[in-house]
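Have a look at the structure below, then the notes.
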Amino acid sequence: MTEVRTAHTADLDAAALEAVRALLDDVFDDMTDQDFEHALGGVHALVWEGAELVGHASVIQRRLLNGGRALRTGYVEGVGVRAGQRGRGYGTAMMDALERVMRGAYELGALGPTDAGAAFYAARGWQLWQGPSSALTPAGLKRTEEEDGCLYVLPLAVPLDLSSELICDWRDGDLW
Ligand SMILES: CC(C)(COP(=O)(O)OP(=O)(O)OC[C@H]1O[C@@H](n2cnc3c(N)ncnc32)[C@H](O)[C@@H]1OP(=O)(O)O)[C@@H](O)C(=O)NCCC(=O)NCCS
């Protein structure tokens, strides 16, 4: 049995947050401070093997605009399992925990996966967004063509037309 701990960012001490950052730096060779910041402020799923953090994922709240609605969205960030510990069910267990949070707290789940990670989410029932993507920026609405055909959603409380436009709220760094 894989034990996944869930905790809000507020309940992780500095050492735990440092372990999260170190793990994500190991898993992703292009991890930036902004990428890390995007993973904070929500609920984390953590897998420890003894004192070593081997898996992390988090879900944070964003507003995604679709069909005239500002959907309360659980946005998944920072999903990674240490390379030597993959294939043991940790990724599955972390996403099970976060999807429970999403079903209880949000109208929609969404994420922008790595190329390698996309199949992992598709196998869990996440659906590829087929319509155009945009972002609400301080300078107004801006198309994010480079994300078209790359974004995944987990429909929860509202019906969705996957071929319609999906718009994300503003943040520094990668918008999706
Ligand atoms: C994606 C990732 C988190 C999965 O973690 P994991 O602990 O290895 O996952 P699990 O052991 O629970 O495997 C779950 C299933 O997904 C499959 N799977 C794992 N990684 C996969 C991938 N990249 N693509 C397709 N399928 C994958 C496994 O084969 C397994 O299938 P099965 O249930 O039929 O055996 C891990 O591979 C990882 O950290 N990858 C590098 C970072 C990354 O790309 N993260 C995603 C960012 S969006």
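We count ligands from 1, going down the list as the structure has it; atoms in each ligand are counted the same way.
Taken together through direct or relayed side-chain contacts under 4.5 Å among Ile, Leu, Val, Met, Phe, Trp and Tyr, L98 and M94 form parts of separate hydrophobic clusters.
Under a 4.0 Å criterion applied to the non-hydrogen atoms of R88, ligand 1 contributes the atoms 11 (O). Close approach of ligand 1 to A116 is summarised as follows: ligand atoms under 4.0 Å from at least one heavy atom of the residue are 22 (C), 23 (N), 24 (N). Contact atoms of ligand 1 toward Y90: 7 (O), 12 (O) (distance under 4.0 Å to a heavy atom of the residue). Residue-ligand proximity, G80 to ligand 1, at heavy-atom distances under 4.0 Å covers atoms 39 (O). Near Y121, with a cut-off below 4.0 Å to any heavy atom, the atoms of ligand 1 are 46 (C), 47 (C), 48 (S).
The presence of a protein heavy atom under 4.0 Å from atom 46 (C) of ligand 1 is confirmed. Protein heavy atoms are found inside the 4.0 Å sphere centred on atom 40 (N) of ligand 1. Taking a distance limit of 4.0 Å, we find that atom 37 (O) of ligand 1 is approached by some protein heavy atom. Contact annotation for atom 5 (O) of ligand 1: protein present (non-hydrogen atoms, distance under 4.0 Å). Put simply, atom 28 (C) of ligand 1 has no protein non-hydrogen atoms near it, under 4.0 Å away. Atom 34 (O) of ligand 1 is not flagged as protein-proximal [any protein heavy atom, distance under 4.0 Å].
Considering backbone and side-chain N/O of V79, one or more are found under 3.5 Å from N/O of ligand 1. Looking at G112 next to ligand 1, no N or O pair under 3.5 Å apart turns up. Not one N or O of Q85 is nearer than 3.5 Å to an N or O of ligand 1, by distance alone.
At distances below 3.5 Å, at least one donor-acceptor pair connects side-chain atoms of D161 with backbone N or O atoms of S163. Checked by atom type and distance alone, the side chain of T9 pairs as donor or acceptor with a backbone atom of G41 at under 3.5 Å. In this structure, the side chain of R86 engages the main chain of V81 through a donor-acceptor pair within 3.5 Å.
A salt bridge links E77 to R171: one of the charged nitrogens lies within less than 4.0 Å of a carboxylate oxygen. For E99 and R124, the salt-bridge test passes: some basic side-chain N is under 4.0 Å from an acidic carboxylate O. Salt-bridge annotation for D25 and R21: present, with a side-chain N of the basic residue lying under 4.0 Å from a carboxylate O of the acidic one. One finds no salt bridge joining R63 and D169 here, because no Lys/Arg side-chain nitrogen approaches an Asp/Glu carboxylate oxygen to under 4.0 Å. Ionic pairing of R5 and D11 is not present here: no N-O contact between side-chain nitrogen and carboxylate oxygen is shorter than 4.0 angstrom.
Atoms CG and OG1, from L175 and T137 in turn, are 8.0 Å apart once rounded to the nearest 0.5 Å.
Of the protein's non-hydrogen atoms, the one nearest atom 17 (C) of ligand 1 is F120 CD1, 4.4 Å. Ranking the protein heavy atoms by distance from atom 44 (O) of ligand 1 puts T114 OG1, 2.9 Å first. Protein heavy atom in closest approach to atom 25 (C) of ligand 1: A119 CB, 3.5 Å. Atom 7 (O) of ligand 1 has its closest protein heavy atom at G91 N, 2.8 Å. For atom 8 (O) of ligand 1, the nearest non-hydrogen atom of the protein is G87 N, 2.8 Å. Atom 11 (O) of ligand 1 has its closest protein heavy atom at G89 N, 2.8 Å.
Among V81, V47, T92, D26, the residue whose heavy atom lies closest to atom 12 (O) of ligand 1 is T92.
Put simply, the residue from H56, E49, R82, M95 that forms a side-chain contact (heavy atoms from CB on, under 4.5 Å) with Y90 is E49.
Here V27 has side-chain heavy atoms under 4.0 Å from ligand 1, and that is the only part of it that gets that close.
I167 has its side chain out of reach of L64: every pair of non-hydrogen atoms, C-beta onward, lies at least 4.5 Å apart.
A donor-acceptor pair shorter than 3.5 Å cannot be found between the side chains of W129 and E165.
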